[in-house]
There are 2 protein chains.
Amino acid sequence: MDIKIGELASRTDCQTVTIRYYEKEGLLPKPMRSSGNYRLYSEAHIERLNFIRHCRSLGMMLVEVRALLRFRDTPNQDCSQINALLDEHIQQVETRVEELSQLKSNLIALREKCVGAQTIESCGILQGLSHDSNLIDFKDALALQGLGCSS
Amino acid sequence: MDIKIGELASRTDCQTVTIRYYEKEGLLPKPMRSSGNYRLYSEAHIERLNFIRHCRSLGMMLVEVRALLRFRDTPNQDCSQINALLDEHIQQVETRVEELSQLKSNLIALREKCVGAQTIESCGILQGLSHDSNLIDFKDALALQGLGCSS
DNA sequence: ACTTGACCCTATAGTAACTATAGGGTTTTT
DNA sequence: AAAAACCCTATAGTTACTATAGGGTCAAGT
């Protein structure tokens with residue numbers, strides 16, 4: 001029941017280029033090849049890729065996914081580390097939610113500075129951006145690229 | 001009152017490499033140079049950089065910052081476009097907050113699947129990641145890199 | 001058998017917003 | 001004068017993909 005990469009992509013809702021990327025990154029083992037050098041995937045690959053995609057959908061970075069895959073590959077190990085990893089990740093998401101909520105409040109406050117102005121010269125928004133320095137309070141907000149992006 | 005890049009970095013809480021990056025990206029005009037080829041910045045540069053940093057602190061992408069800078073540079077223009085830009089940005093932040101809140105709920109649900117288990121074999125988390133496919137509902141969650149990152 | 005379109009392959013570069021590194025020059029402090 | 005701090009340009013790296021280039025394979029249609 002070997003399938004080609006396009007079929008695997010369909011079944012896992014993941015692009016072929018991403019599958020090749022995961023293989024290159026070591027997340028997916030190299031599959032067998034056909035005589036024409038096409039990759040041939042087994043059921044185990046499907047399961048593993050689903051696992052990876054599931055983790056990604058939960059916002060985990062690949063480094064985190066790797067850790068979970070290692071746990072998955074050694075089933076006799078203590079699972080407290082998995083708990084810890086997930087707890088840490090949940091904490092990060094919580095922090096991000098709070099930061100973004102704060103950011104939203106700041107943006108709305110700024111937005112309300114332009115009510116009725118007609119030209120840029122009298123625009124409260126640009127003036128707020130130019131002089132209202134109490135908004136630059138949190139450096140983390142600059143890293144609004146999510147949980148795992150380098151800030 | 002020309003200052004060197006290190007001083008500008010201090011005053012604006014921005015790294016020198018980032019300042020050079022902004023100059024290269026065209027956000028900051030090229031400054032005059034000393035006889036030793038050091039950059040010499042004026043008060044206008046300080047103001048402009050503060051503006052840029054302020055926008056960044058609000059999660060705006062550089063492409064958005066550029067648009068606002070253009071408005072700032074042409075003060076006789078209609079400011080409705082600034083309003084529109086900010087409204088669009090607020091909407092994006094709202095969407096992101098909602099997505100992350102949903103993600104947090106999903107993570108907590110997953111976390112609660114491991115209560116009392118001792119080994120990975122019986123760990124509800126890994127099993128949830130392996131078989132519980134109803135969590136892979138939103139592709140946007142994969143782009144948990146924030147507002148402007150390519151997904 | 002040939003053609004065509006779909007699929008596959010590897011390699012490399014690009015995305016966004018920085019940040020690190022390498023190698024060297026200039027200024028300030030000791 | 002020497003050392004330390006600061007400055008310069010150029011390039012590569014970060015994360016997780018994604019686009020592009022150039023070419024090979026497979027299957028269906030003619």
Side-chain angles (χ1 to χ4, degrees), chain A residues 2-28 30-41 49 52-53 55-66 92 96 139-151, chain B residues 2-28 30-41 49 52-53 55-67 89 92 96 139-151:
Chain A
D2 292 338
I3 56 173
K4 281 175 289 187
I5 194 169
E7 178 72 24
L8 178 63
S10 285
R11 292 202 190 179
T12 53
D13 196 28
C14 174
Q15 293 190 60
T16 58
V17 297
T18 308
I19 295 171
R20 289 193 199 94
Y21 173 70
Y22 289 154
E23 178 187 322
K24 186 179 172 188
E25 290 292 317
L27 295 170
L28 277 179
K30 290 181 189 298
M32 295 179 55
R33 299 281 185 132
S34 69
S35 58
N37 203 29
Y38 283 20
R39 291 170 174 80
L40 299 176
Y41 295 99
L49 184 54
I52 293 166
R53 298 307 283 172
C55 293
R56 288 293 302 132
S57 77
L58 295 173
M60 293 177 193
M61 293 162 51
L62 293 189
V63 65
E64 288 171 304
V65 179
R66 276 196 194 90
Q92 289 169 7
R96 178 53 59 193
K139 263 183 98 71
D140 285 348
L142 291 176
L144 284 170
Q145 303 175 333
L147 300 178
C149 278
S150 52
S151 56
Chain B
D2 292 337
I3 57 173
K4 281 176 288 185
I5 196 169
E7 178 73 23
L8 178 64
S10 286
R11 293 201 188 180
T12 54
D13 196 27
C14 174
Q15 293 190 62
T16 57
V17 295
T18 309
I19 296 173
R20 290 192 198 95
Y21 173 70
Y22 289 155
E23 178 187 323
K24 185 180 173 187
E25 290 292 317
L27 295 170
L28 275 178
K30 289 182 190 298
M32 295 180 56
R33 299 280 184 135
S34 70
S35 57
N37 202 30
Y38 283 20
R39 292 170 171 82
L40 300 175
Y41 294 98
L49 183 52
I52 293 166
R53 299 307 284 172
C55 294
R56 287 293 301 134
S57 77
L58 295 174
M60 293 180 195
M61 292 162 51
L62 293 190
V63 64
E64 288 171 305
V65 178
R66 278 198 191 86
H89 185 59
Q92 289 169 4
R96 178 52 60 193
K139 266 184 97 73
D140 285 349
L142 291 177
L144 284 168
Q145 302 176 338
L147 300 177
C149 278
S150 55
S151 55

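We name chains A, B, ... by the order of the sequence lines, and we start the count at 1 in each one. Scope of the values below: all heavy atoms of this structure, side chains included, with no hydrogens, waters or symmetry mates.
The 5' end of DNA chain D is approached more closely, in terms of each residue's nearest nucleotide, by L40(B) than by the other of L40(B) and V63(A). Where G36(A) and S35(B) meet DNA chain C, the nucleotide closest to each residue was compared, and G36(A) sits on the side nearer the 5' end.
Remark: R56(B) is in phosphate contact with dC18(C), judged by side-chain N or O atoms under 4.0 Å from OP1 or OP2. Close to dT19(C), at under 4.0 Å from its OP1 or OP2, lies a side-chain N or O of Q15(B). OP1 or OP2 of dT19(C) lies within a sub-4.0 Å distance of a side-chain N or O belonging to T18(B). Contact check, Y22(B) against dC18(C): a side-chain N or O comes under 4.0 Å of OP1 or OP2.
Listed here is the closest heavy atom pair of A9(B) and T16(B): CB-CG2, 3.9 Å.
Between the CZ atom of R20(A) and the P atom of dT18(D) there is a distance of 13 Å, rounded to whole Å. One atom, OH of Y21(B), and another, C1' of dT9(D), lie 17 Å apart when rounded to the nearest Å. Regarding E7(B), its CD atom lies at a distance of 22 Å from the P atom of dT26(C), rounded to whole Å. Atom CG in L8(A) sits roughly 10 Å away from atom P in dC8(C) (whole-Å rounding). As a whole-Å value, the separation of K30(B) NZ from dT9(D) C1' is 11 Å. In this entry the distance linking CG of L49(A) with P of dA16(D) reads 15 Å, nearest Å. Distance R53(B) CZ to dA17(C) P: 12 Å, rounded to the nearest Å. To the nearest angstrom, C1' of dA12(D) lies 11 Å from NZ of K24(B).
Under the rule for a salt bridge (charged side-chain N to carboxylate O under 4.0 Å, His left out), the partners of R11(B) that lie at least two apart in sequence or sit in another chain are E7(B). Every residue meeting the salt bridge (charged side-chain N to carboxylate O under 4.0 Å, His left out) condition with E23(A), not counting sequence neighbours, appears here in chain and number order: K30(A), R39(A).
Taking every side-chain heavy atom of T16(A) into account, dC8(C) is the closest of dT18(D), dC8(C), dC9(C). Considering only the side chain of R33(B), dT9(D) comes nearest among dT9(D), dA17(C), dA16(D).
Counting only heavy atoms from C-beta outward, the side chains of L40(A) and R33(A) never approach each other to under 4.5 Å. Considering only heavy atoms from C-beta on, L62(B) comes within 4.5 Å of R56(B) through its side chain. E25(A) has its side chain within reach of R66(A): a pair of non-hydrogen atoms, C-beta onward, lies under 4.5 Å apart. Taking 4.5 Å as the limit, every side-chain heavy atom of M61(A) sits out of range of all side-chain heavy atoms of Q92(A).
A donor-acceptor pair is defined here as one N or O able to donate and one able to accept, closer than 3.5 Å; such a pair exists between the side chain of H89(B) and the backbone of L58(B).
Within 4.0 Å (heavy atoms only), R39(B) reaches sugar-phosphate atoms of the nucleic acid but no base atom. Nucleic acid contact for E25(B): none, since no nucleic acid atom lies under 4.0 Å from a heavy atom of the residue.
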Assign a letter to each nucleotide of nucleotides 1-6 of chain D from its 5' end: B, base within under 4.0 Å of a protein heavy atom; S, sugar-phosphate only; -, no contact.
-----B
